[in-house]
Protein chains: 2
Amino acid sequence: MTAQRRVVAEVLDGDHVHLTADEVHMRAVAKLPEISRATVYNTLGELVSLGEVMEVATDKRAKRYDPNAHRPHHHLVCAQCGAIRDVHPSGNPLADLPDSERFGFSVSAVEVTYRGVCPNCAAA
Amino acid sequence: MTAQRRVVAEVLDGDHVHLTADEVHMRAVAKLPEISRATVYNTLGELVSLGEVMEVATDKRAKRYDPNAHRPHHHLVCAQCGAIRDVHPSGNPLADLPDSERFGFSVSAVEVTYRGVCPNCAAA
DNA sequence: ACTCGACTTGGACATTATCCAGAGTGGCGG
DNA sequence: CCGCCACTCTGGATAATGTCCAAGTCGAGT
């Protein structure tokens with residue numbers, strides 16, 4: 001546990017939002033100016049391997065990192081401003097996939113992304 | 001409808017797989033050598049706007065384009081080799097999102113990505 | 001204090017996507 | 001048939017994101 005990794009962990013823990021790798025880097029630089037992008041990417045990759053954070057691919061421009069990896073949840077994305085909210089649907093989508101639709105895959109996870117327009121953008 | 005756009009449409013229609021923009025470009029070049037990347041991107045963007053093809057963000061490396069945009073379906077992705085299959089689950093995930101979890105959004109679409117390991121990779 | 005290994009750094013590089021200025025093309029009125 | 005206009009395409013530059021590598025740095029153990 002080095003100073004650099006602690007800073008990355010603090011950035012993710014401080015705000016429970018969904019940051020891009022670049023945003024994590026910028027915030028890390030604010031706390032530790034000499035930290036490099038490579039270290040941020042390395043550390044994020046390790047945190048993902050450890051299961052401490054999740055990668056989220058809601059848009060294709062950049063990965064986002066979700067520090068709320070321990071409680072299963074899905075995401076609600078505004079199509080206009082890109083805002084992301086965590087949501088907790090009632091059903092279990094894994095159960096909705098019958099064996100006949102699994103093609104022999106061993107299915108281990110499911111990601112659900114709801115898309116819509118947030119109240120702010122709807123008002124504008 | 002120019003020659004270039006016809007070629008892009010043919011590429012997408014010829015194989016019902018999930019091509020990246022770059023794969024579309026390579027296949028388009030095979031049919032029409034002087035087509036440029038910009039034109040492929042433009043045309044793909046127009047097709048998406050028209051609702052003829054869907055963008056799929058199963059990994060973060062590159063967008064993929066799904067020509068099967070007219071029948072709602074979801075995707076089953078192999079975590080190892082990246083193979084993508086279309087699947088048709090039984091339930092309707094939109095119904096699983098109660099109003100209390102919508103935060104005022106007008107939710108219009110849902111994407112579901114199942115992740116697992118395909119039979120080929122499981123055998124290897 | 002020395003050595004070794006792990007970590008970090010900074011920059012180069014790769015990939016994917018977008019932008020832009022200029023050239024090309026086709027239709028249409030004259 | 002000619003020239004004009006709107007639109008499209010091209011090729012290259014550029015941006016955004018992510019990865020890799022060689023060398024430097026730091027700390028633990030001896």
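All values below come from the heavy atoms of this structure, side chains included, with hydrogens, waters and symmetry mates left out. Within every chain, numbering begins at 1; the chains are lettered A, B, ... in the order of the sequence lines, protein sequences first and strands thereafter. Bear in mind the structure is a predicted one, so any value in this text is a computation, not a measurement.
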Round to a whole Å and report the spacing from [atom1] of [X] to [atom2] of [N].
X       : N      : atom1 : atom2 : answer
B:Tyr41 : D:dA13 : OH    : P     : 17 Å
B:Ile35 : D:dG12 : CD1   : P     : 16 Å
A:Leu44 : D:dT19 : CG    : P     : 10 Å

Span of DNA chain C engaged by chain A, first through last nucleotide within the 4.0 Å heavy-atom cut-off, is C:dC7 to C:dA12

Out of D:dT19, D:dT10, D:dA16, minimum distance to the side chain of B:Gln4 belongs to D:dT10

Under 4.0 Å, heavy atoms only, any strand: does B:Ala38 hit a base, just the sugar-phosphate, or nothing? base

### Message
Classify A:Thr2 by what it touches in the nucleic acid, base, sugar-phosphate, or nothing, heavy-atom distance under 4.0 Å.
### Response
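Here A:Thr2 touches the backbone only, sparing every base.
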
Side-chain N or O of [X] versus OP1/OP2 of [N]: is the shortest distance under 4.0 Å?
X       : N      : answer
B:Arg5  : D:dT8  : yes
B:Arg61 : D:dT17 : no
B:Ser36 : D:dT10 : yes

Might you confirm whether atom CZ of B:Arg115 has over 12 heavy atoms from other residues, nucleotides or ligands at distances under 6.0 Å? yes

#### Entry: B:Asn68 CG: over 12 foreign heavy atoms closer than 6.0 Å
yes

Going by side-chain contact (heavy atoms from CB on, under 4.5 Å), name the residues that satisfy it together with B:Arg27, two or more places apart in sequence or in a different chain.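 side-chain contact (heavy atoms from CB on, under 4.5 Å) check on B:Arg27 returns B:Val11, B:Asp15, B:Leu19.
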
Name the residue closer to the 5' end of DNA chain D, choosing between A:Lys63 and B:Glu46 according to the nucleotide with the nearest heavy atom.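 On the 5' side of the pair lies B:Glu46.
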
Salt bridge flag under 4.0 Å for residues B:Glu101 and A:Arg85
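Answer for the salt bridge query: no.
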
query: Okay, side chain of A:Thr39, backbone of A:Ile35: is any donor-acceptor separation there less than 3.5 Å?
result: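 No; zero donor-acceptor contacts below 3.5 Å.
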
- Return the 5'-most residue of the pair B:Arg64, B:Asn42 with respect to DNA chain C, ranking by each residue's nearest nucleotide.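 Nearer the 5' end of the strand: B:Arg64.
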
Grouping I, L, V, M, F, W and Y whenever their side-chain heavy atoms are under 4.5 Å apart, do B:Met54 and B:Tyr65 come out in a common cluster?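 Unlinked, B:Met54 and B:Tyr65 end up in two clusters.
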
Nearest heavy-atom contact between B:Phe105 and A:Gly116 is CD2-C, 4.5 Å

